[in-house]
Structure formats: C-alpha cells, structure tokens
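So you know, we letter chains A, B, ... as the sequences are listed, proteins then strands, and number each from 1.
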Amino acid sequence: MDAMDIYRRLLNHFGKQDWWPVEHGFRPREFEIIAGAVLTQNTNWSNVRKALKRMERAGFLSPRAVAEAGSKQLEEAVRPSGFYRQKAERLKMLSQFIESFGSFGEFRKSVTREELLSLKGIGPETADSILLYALGRRVFVIDAYTLRIFSRLGFRQWDSYEEWRKFFENEVLEDTGLYMQYHALIVEHAKMFCRKKPLCSSCPLADACARKA
DNA sequence: CGCCAGGGCCATA
DNA sequence: TATGGCCATGGC
C-alpha cells in the first residue's frame, strides 16, 4: 500500500473536500486564502470564517489595506479567530512583505518558501499552505496529523516536516489539485477518527494502522 | 463546565 | 534539540 492508495481510500470515504480555493462554490481571492492560512493557526475554521467576514466588512482583504491598517482596527476585525493580537501583527508583516514585491503578481511569481519561513509567525504549515492553496505551487502540506497517521501506517519513522514533505513530493507525482485534496482529506480524517474517543472500527485506514483502540 | 481547534514563538535545560 | 508555557475566541 502506497501513498496513492491511502489517498484513494480517503477520497472514497470522504469525497472531494470544499477547501480553498473552492469553498462555497466561489473562488476566493488569493489574499483571502493567505489571510485564512494565518488565521487558522491552531484555530477552528468556523472562527476563521467570522474573522474573514469582519476583515471583508472593514475593507481589509487586500495586502495594501492590511499593510496600511491601524493595529487596533485590524485586531478588532480579526478578533473572533483568537490569538488576535499575534495574528493581526503577523498579517500586517506578511502584507508589508507582499507589498515589497511591487505587485501581487510579482510576489506570486518570485517568492520563495525560505522567504516566507523567515517571517515571524509563518511556520512550515502556514508557508506551505500559502504556497499550495494561494499560489498554486506543487508543495505538499505536512501537519501534525500527517506525521501521526503515516507513522502509524508504517511508512517511515521521521519526525520532521521537511523529511515528510520531501517524501510525499517524491512519492506523489500528481498535480497541485490532488495535493490540495490530499491535505484536506488528511485533516478531515484526523478530525473524524483520531480525536478523543478514537473511532478506529469505522476508519477506512484501520486495517493498516498500528494503533488499535 | 472543560476541552480543543486546518501553529508557531520563546525560554529553559 | 527538545519539551512546556503562552497566545484567545467560540462551538460543543
């Protein structure tokens, strides 16, 4: 059983996911995806949605608007997503960084993963989510769930995002659309089966998983 | 009421 | 390098 077999099982069980950039059947602007990637750090998506709505109402859904926004107004808009002071600051720094490219097109074309990671508050998962979901780069997004699940499935024993990311990018030679679906499916699987009382009996990966509960 | 979410930073040892 | 505390709101 390889990584594509796992993908097919998850897709068969959960169906296609309505994650970015196709949530609610409309295509959000790239900056909306970028803001969501920051706002969702350790945060339920329903709270992120509230914050994005407030950002929209306040006119903060563009890099320039956020880069020039007053800190208090930005914090107030972002508040429902939690950690709101940090997140307002991170969004502001990130927006100023985007602005420094001169245009969003230039940012999309030439920004590197290392540059994103060098920004305070942008770690591996946030950077990779931006690169994949907002910029369409073929980057496999790794999160804590991915490490747990694929370790239990007996793939490898690494514990670093970097090693797992390279593994998937060499193992899964597909397009960015599949990468988007795959990460979303992994998260859905974790929410459904690997939280609190594990529901391994109905898990589509149970037969291959080392964890028995 | 307590738990925790589509993380990441920083201090400490 | 590896844990642990911290950030904070809203849903259940």
Name all residues meeting the salt bridge (charged side-chain N to carboxylate O under 4.0 Å, His left out) criterion together with A:Glu114; count only those two or more places apart in sequence or in a different chain, and write none if there are none.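 With sequence neighbours excluded, A:Glu114 shows a salt bridge (charged side-chain N to carboxylate O under 4.0 Å, His left out) to no residue whatsoever.
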For A:Arg108, what residues pass the salt bridge (charged side-chain N to carboxylate O under 4.0 Å, His left out) criterion, not counting sequence neighbours?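 Only A:Glu30 meet the salt bridge (charged side-chain N to carboxylate O under 4.0 Å, His left out) criterion with A:Arg108.
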Taking only residues two or more places apart in sequence, or in another chain, which ones meet [X] in a ring-ring contact (aromatic ring centres under 6.0 Å, His included)?
X: A:Phe107; value: A:Phe101, A:Phe104
X: A:Phe155; value: A:Phe150
X: A:Phe140; value: A:Phe168, A:Tyr179, A:Tyr182

Provide the full list of salt bridge (Lys or Arg N to Asp or Glu O under 4.0 Å) pairs with a residue in residues 84-97 of chain A, sequence neighbours left out, each pair given once.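 Residue pairs passing salt bridge (Lys or Arg N to Asp or Glu O under 4.0 Å), neighbours aside: none found.
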Which stems does DNA chain C form, counting runs of 3 or more consecutive Watson-Crick or G-U wobble pairs with both distances under 3.5 Å?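 So far as stems of 3 or more pairs are concerned, DNA chain C shows B:2-5 with C:9-12, B:7-13 with C:1-7.
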Please write out each protein N/O paired with an N/O of nucleotides 10-13 of chain B under 3.5 Å, distance rounded to 0.1 Å.
| from | atom 1 | to | atom 2 | distance (Å) |
| --- | --- | --- | --- | --- |
| B:dC10 | OP1 | A:Lys120 | NZ | 3.4 |

Taking side chain to side chain donor-acceptor pair (under 3.5 Å) as the test, write out the residues that go with A:Glu188, two or more places apart.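 A:Glu188 satisfies side chain to side chain donor-acceptor pair (under 3.5 Å) with A:Lys191 once adjacent residues are dropped.
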By side chain to side chain donor-acceptor pair (under 3.5 Å) - contacts of A:Asp143 (at least two apart):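 By the side chain to side chain donor-acceptor pair (under 3.5 Å) rule, A:Asp143 matches A:Thr146.
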Pairs where residues 93-103 of chain A contributes a residue and the test side-chain hydrogen bond (donor to acceptor under 3.5 Å, both in side chains) is met, not counting sequence neighbours: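 Every candidate side-chain hydrogen bond (donor to acceptor under 3.5 Å, both in side chains) pair involving residues 93-103 of chain A fails, so no pair, neighbours aside, qualifies.
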Nearest-Å distance for atom pair CG/C1', residues A:Leu39 and C:dA8: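 Computing the A:Leu39:CG to C:dA8:C1' distance gives 13 Å.
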Mind running a 4.0 Å heavy-atom check of residues 77-95 of chain A against DNA chain C and sending the residues that fall below it, in number order?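 Listed by number, they are A:Arg79, A:Pro80, A:Gly82, A:Phe83, A:Tyr84, A:Arg85, A:Gln86.
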Would you say A:Ser151's side chain and A:Leu147's backbone share a donor-acceptor pair under 3.5 angstrom?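 Checked: pair present.
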